[in-house]
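Data block below; observations after.
Indexing begins at 1, ligand by ligand and atom by atom, following the structure's order.
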Amino acid sequence: MGDFEFDAELIRKYDCAGPRYTSYPTAAHFRTDFGPDDYRRAARERKEAEVVRPLALYVHIPFCASPCFYCACNRIITRSLDRARGYLARLHKEIDMQAECFTDAGRIEQMHFGGGTPTFLPTPDLAGMVEHLRQRFELTDSPDREYSIEIDPRTVSPESIHELTAIGFNRMSVGVQDYDPHVQEAINRVQTPEETHRIVAAMRDAGVRSINFDLIYGLPEQSVETFSHTLDTVLEARPERLAVYAYAHLPQMFRAQRRLEAHRLPDAPTRLALLELAIRKLTAAGYVYIGMDHFALPTDDLVAAKREGTLQRNFQGYSTHADSDLVGLGVSAIGRVGRAYAQNFKQLDDYYRAIDSGELAIGRGVWLGPDDLVRAAVIQSLMCYECIDCTAISQRFGIDFKRYFRAELERLQELQADGLIYVRGNTIRLTPMGRLLMRIVAMVFDACGVSGRVWSKAI
Ligand code: SF4
């Protein structure tokens, strides 16, 4: 399997629940005593910093027309466009308020529309939103921009794909999950390969620079045979990026999942076989492993970013602009501004109440202290580059790595003995086996603790 080693016994040993480290500290540690005043302070501090980090935008559109039963997203099921337009009006107000905090923010190289289903909205509404952002932030038409949008192929046409590129989106992420009809019926998401590939053809035709497919393994009715067929069909479209997520069945946390019949889920050995199959097929087809569940073609910018040291793990997975700040717009959206993470209210009523009263909708967040910043850098390095350069971390933060992380280095010894990591000089590196369990290694450096909430398992 090339750069991977697949040891089912070891995977079973370490397949415990833990965070996915899209941030450190994770959102589970955000505090409700962090509010709009803290956020504005973070924005002021950011502006006054010696090196001002570039700013990216995330816009959350929470609406979906029908529920997928595996869903763990913050979304609202409705068919009412009026309901969505009430939300859009608030989003426009929020853009104005947020823009006040970020005057002279510089060029926006990255923007992402996620959900929910952003394409639940008619394209003119999306165009109005982008136009408003253009008035309040410095959007760019540079071909290097990364303006992406999540696409549900059931909600778009080839024409609307062309319109979306005319608005400025040059990257698209397509929700696929699985092509097998029985799986699709079980997850309540019926979408034929022909329908999806017709939309992908339109993306190519419209000049979309990078296409991502999202797949999920561990869904009901999946078998090695059916998933193999799905992967073969996906590879015919040759998307530049692929994310293959593990389905985490947490019905106590996500109401939609209660409608999935647990007895139809694949057992643990089959889940492992599905993961192994995906890795074998994708690497054989020339895809490069980026980290966690993400793969990309060698020509994709993510691969260059990994090579050149500019890869960043964030709430959208991975991106190519390291050390960016992020403004999160919309209900439940999370942002990172300077030394702080901030999240908007998760409930629509709370979000509306704040915006209607003329206040930012920040519901919780956390300030990063000096220790958080060191640990965040270590975890980021593991998740992006599969190694920790102890000398570089020592120099950057003015610490003695070995003394600072004495307890963690002791805990790493078992992982080293099991062959998940190896040490060369002052560098700790993941082995081909450890790559699959990178978040288990990252958990060793997590001082916030991972108890207190339900996490998905590592595989
Ligand atoms: S998986 Fe995506 S499209 Fe399906 S209900 Fe959840 S947010 Fe909506």
Side-chain angles (χ1 to χ4, degrees), residues 20 22 27 58-81 83-84 87-88 91 112-123 125-126 148-157 160-161 164 171-181 183-193 195-196 199-200 211-222 230 234 239 241-261 265 293 315-317 328-334 343-344 346-348 351 456:
R20 304 173 58 76
T22 51
Y58 171 72
V59 180
H60 189 74
I61 310 288
F63 303 103
C64 299
S66 75
C68 309
F69 293 163
Y70 57 83
C71 183
C73 300
N74 191 331
R75 88 284 187 268
I76 294 158
I77 306 298
T78 182
R79 290 187 182 265
S80 163
L81 261 186
R83 194 159 178 215
Y87 177 76
L88 279 185
L91 208 40
H112 183 76
F113 275 46
T117 308
T119 48
F120 174 89
L121 294 174
T123 317
D125 289 301
L126 290 169
S148 57
I149 182 165
E150 289 166 17
I151 301 281
D152 181 336
R154 300 169 299 172
T155 61
V156 289
S157 64
S160 58
I161 291 296
L164 288 169
R171 291 164 185 271
M172 297 191 179
S173 181
V174 185
V176 173
Q177 325 316 346
D178 194 295
Y179 278 141
D180 184 81
V183 177
Q184 291 194 348
E185 172 263 320
I187 61 175
N188 196 37
R189 188 183 172 116
V190 176
Q191 159 191 338
T192 66
E195 192 178 8
T196 303
I199 296 305
V200 168
I211 299 172
N212 174 74
F213 272 23
D214 282 346
L215 301 178
I216 302 182
Y217 73 89
L219 291 173
E221 299 295 317
Q222 265 177 346
T230 287
V234 162
R241 298 179 187 177
L242 268 161
V244 190
Y245 298 109
Y247 171 63
H249 191 57
L250 302 169
Q252 66 278 36
M253 279 184 76
F254 306 112
R255 186 180 284 269
Q257 296 184 356
R258 293 178 201 162
R259 296 171 75 177
L260 277 189
E261 294 167 68
L265 293 168
D293 349 68
F315 300 103
Q316 281 82 57
L329 296 154
V331 66
S332 78
I334 302 181
Q343 182 171 28
N344 277 349
K346 286 182 173 178
Q347 301 300 326
L348 210 52
Y351 173 77
S456 60

Next on the checklist: Less than 4.0 angstrom from a charged side-chain N to a carboxylate O is my criterion; do R189 and D152 meet it?
Outcome noted: yes
Checklist entry - How many protein atoms of type N/O/S are positioned less than 2.8 Å from atom 6 (Fe) of ligand 1? => result 1
Checklist entry - Counting only heavy atoms not in R258, do more than 12 fall under 6.0 Å of its CZ? => result yes
Checklist entry - For ligand 1, is R189 a contact, meaning one of its heavy atoms is under 4.0 Å away? => result yes
Checklist outcome for this item: Residue set satisfying ring-ring contact (aromatic ring centres under 6.0 Å, His included) with F69, at least two apart, ordered chain then number -> none
Item to check | T117 and C64: CA distance, side-chain angles, deciding distance, side-chain contact (heavy atoms from CB on, under 4.5 Å) verdict | outcome: CA-CA 5 Å; T117 308; C64 299; 3.2 Å; yes
Checklist entry - Do you know which of V174, I151, V234 makes side chain to side chain contact (heavy atoms under 4.5 Å, CB included) with T196? => result V174
Checklist entry - To the nearest 0.5 Å, how far apart are CG in D178 and OH in Y247? => result 14.0 Å
